[in-house]
Amino acid sequence: MFLWRSTDNIQIYGPAMRRLMLTSLLVCLWLAEKGQGDLQDILGQLHTEFAVRLYRQLAETENNSNLIVSPASVAVSLGLLQLGSRGNTLAQLETALGYNVNDLGVRGFLLRMQEDMTNSSHSTQVLLACALFVHRDVQLSPAFARHGSAWANSTVQQANFTRPNQSREQINLWVSAHTAGEIRNLLSCDLTGWGVRQMALVTAMFFRGTWQRQFLLSETQSLPFSLADGSTVKVPMMHQMTDVNFGQFHTPTEYRYAVVELFYLGDAVSLFVVLPTERKTPLSLIEPHVSAHTVMLWTASLRRTKIDIFLPRFKIQNNLNLKSVLPAFGVSDVFDPTVANFKGISGRDSLYVSEATHEAKIEVTEVGTKAAAATAMVLLKRSRAPVFKADRPFLFFLRQSSTGSILFMGRVLNPLELAP
């Protein structure tokens, strides 16, 4: 959520979330790209670069816990901010994302990508929506209103920020409606006394998908999961033997790791899981080597292989402070009331972003809903197929095949860690 104020006050708010079967959802922003030439490849790489950089920054601040973030939703909000920013504020946003949405070619391509991203079927659903809540006496600039209304299914709604708790409820209801009820209380603080905000920008992203081949509940059992400190916990471990995209790689420092790609019905979205090969290799030695280049390498190098796959059930929810992260991307002017330049929104000189928060949530189960108690059983090795057993910390990311966008990215350090 971006809270915008001004010396008048503006509030921008951006993330929301939803459950994925691999269920997942979140509110905040989305990601885009730039480029001429082979625009799709350039934009796809920029998406991935932004996603990895955002994950790394957040991983440093959340260094001992599970993590989930939606780079795609964060970038969508930053792109919308670009439409209303000017001067150095615009330059910083362009540098952070790697493109300028005011370029007609780039904007047109991104709008087509957003449309493609939200094409859903009965088995897979990706929703991306923006809402601009505008105080009743604020006049948006005609250009911003025109271009902003076409951005990520945007709508403009009138709000009365002189009644802060009423406007908070209005925003929370919109978020809940666009995240299938998963995010119901994004704005939970008392807004009284904050001054009259002028505007709130909210971006919601939601994903729900069904495994191409579901895990059977009867195959789930309680098995040990090794934590980073060497201790173990018992977790519900899903299992199946199936054909998946699989590959083995190593870092420049020769730490080996394996990658599997699990598809949802329709093949439009897949889940990548990245696991250190050696049990003694901590995930922290693999994370720094994940880059846009390695992600592209994985997608090109994985091969269809029959494997024994073990994956824990897990649920992660994070509420993250983007205000402490975005300056590492060079985005600082937006938070400074003395230099922020958002004249393209309404012509006012005094608008700036006062807060920027992001909420994300993911739930991975056998079929996409909460499973009942697991059936205890003993698994025997039934073949000589490779075994991918995620019984120690691992990375994951949810990627859309057609756009290359990383919708969600995170890590599991402890599947039993309770969401806040």
Exercise. Test side chain to side chain contact (heavy atoms under 4.5 Å, CB included) on Q92 and T95 and set out the steps.
Key: CA-CA 5 Å; Q92 290 183 355; T95 299; 5.7 Å; no
Quiz prompt | Intermediate values then yes/no, side chain to side chain contact (heavy atoms under 4.5 Å, CB included), L398 and F396 | solution = CA-CA 7 Å; L398 196 70; F396 66 87; 6.0 Å; no
Quiz item: Taking it one step at a time, do Q240 and I309 satisfy side chain to side chain contact (heavy atoms under 4.5 Å, CB included)?
Solution: CA-CA 6 Å; Q240 63 175 290; I309 183 166; 3.7 Å; yes
Quiz item: Can you check side-chain hydrogen bond (donor to acceptor under 3.5 Å, both in side chains) on Q212 and D267, steps first, answer last?
Solution: CA-CA 8 Å; Q212 195 172 75; D267 291 342; 2.3 Å; yes
Quiz prompt | Chi angles and distances behind the ring-ring contact (aromatic ring centres under 6.0 Å, His included) call for F144, F342 | solution = CA-CA 11 Å; F144 181 80; F342 289 109; 9.3 Å; no
Self-check item: Verdict with supporting geometry, R303 and F246, side chain to side chain contact (heavy atoms under 4.5 Å, CB included)
Solution: CA-CA 5 Å; R303 295 291 178 264; F246 176 75; over 6 Å; no
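Looking at R313 and E363, their side chains never come closer than 4.5 Å, going by heavy atoms from C-beta outward. For the pair L311/V364, a side-chain contact is recorded, criterion being any heavy-atom separation below 4.5 Å from C-beta on. Looking only at side-chain heavy atoms (C-beta outward), L54 and V69 come within less than 4.5 Å of each other. Taking the side chain as every heavy atom from C-beta outward, D391 and R279 approach each other to under 4.5 Å. You'll find the side chain of F388 stays beyond 4.5 Å of the side chain of T277, heavy atoms only. Side-chain atoms of V259 and L302, non-hydrogen and from C-beta on, do get closer than 4.5 Å to each other. The closest side-chain heavy-atom distance from R399 to T299 is below 4.5 Å. Side-chain contact between N245 and R304: present, with at least one pair of heavy atoms (C-beta onward) separated by less than 4.5 Å.
With hydrogens and angles ignored, the 3.5 Å screen pairs no side-chain donor or acceptor of T281 with any backbone N or O of P276. At least one donor-acceptor pair under 3.5 Å links the side chain of R56 to the backbone N or O of P288. The main-chain N or O of L90 is never found under 3.5 Å from a side-chain atom of Q82 such that the two would form a donor-acceptor pair. In this structure, S301 contributes its side chain and L297 its backbone to a donor-acceptor pair below 3.5 Å. With S226 contributing its side chain and G230 its backbone, the two residues share no donor-acceptor pair below 3.5 Å. Remark: the backbone N or O of T253 is paired with a side-chain donor or acceptor of T251 at under 3.5 angstrom. Within the 3.5 Å criterion, the main-chain N or O of V101 finds a donor-acceptor partner in the side chain of R107. Between the side chain of N66 and the main chain of N414, a donor-acceptor pair closer than 3.5 Å is present.
Listed here is the closest heavy atom pair of V331 and A96: CG2-CB, 3.5 Å. When every heavy atom of P393 is checked against every heavy atom of A228, the shortest pair comes out as CG-N, 4.3 Å. When all heavy atoms of K323 and N321 are compared, the closest pair comes out as N-OD1, 3.0 Å. Minimum heavy-atom separation, S401 to V269: OG-N, 4.3 Å. Of all heavy-atom pairs between P312 and A390, the closest is CD-O, 3.3 Å. Nearest approach of P236 to L416, heavy atoms of both residues: CD-CD2, 4.2 Å.
Taking CG of N100 as the reference point, atom CG of L104 lies at 10.0 Å (rounded to 0.5 Å). Taking CG from L97 and CD from E49, the interatomic distance works out to 11.5 Å, rounded to the nearest 0.5 Å. The CZ atom of R86 lies 8.5 Å from the CG atom of L83; values are rounded to the nearest 0.5 Å. Put simply, OG1 on T232 and CZ on R392 are 13.5 Å apart, with the number rounded to the nearest 0.5 Å. The distance from the CG atom of L413 to the CZ atom of F225 is 7.5 Å, given to the nearest 0.5 Å. Separating the CD atom in E94 from the OG1 atom in T89 is a distance of 13.0 Å, to the nearest 0.5 Å.
The aromatic rings of Y257 and W298 sit perpendicular to each other, their planes meeting at more than 60°, with 30° as the lower class boundary. Ring orientation note: the planes of F272 and F397 are close to parallel, at an angle under 30° on the 30°/60° scale. Ring geometry for F310 versus H239: interplanar angle of 30 to 60°, hence tilted.
More than 12 heavy atoms of other residues, nucleotides or ligands sit less than 6.0 Å from atom CZ of F263. Other residues, nucleotides and ligands contribute at most 12 non-hydrogen atoms within 6.0 Å of the CD atom of E169.
The six-membered or imidazole ring of F50 lies near that of F329, with a centre-to-centre distance under 6.0 Å.
Of the N and O atoms on the side chains of S270 and E261, at least one donor lies less than 3.5 Å from an acceptor on the other residue.
Listed by chain and residue number, Y55, L67, E287, R411 satisfy the side-chain contact (heavy atoms from CB on, under 4.5 Å) test with A59 (two or more places apart in sequence, or in another chain).
None of N341, N88, T338 except one satisfies the side chain to side chain donor-acceptor pair (under 3.5 Å) rule with D333; the exception is N88.
Salt-bridge annotation for R213 and D243: absent, with no side-chain N of the basic residue lying under 4.0 Å from a carboxylate O of the acidic one.
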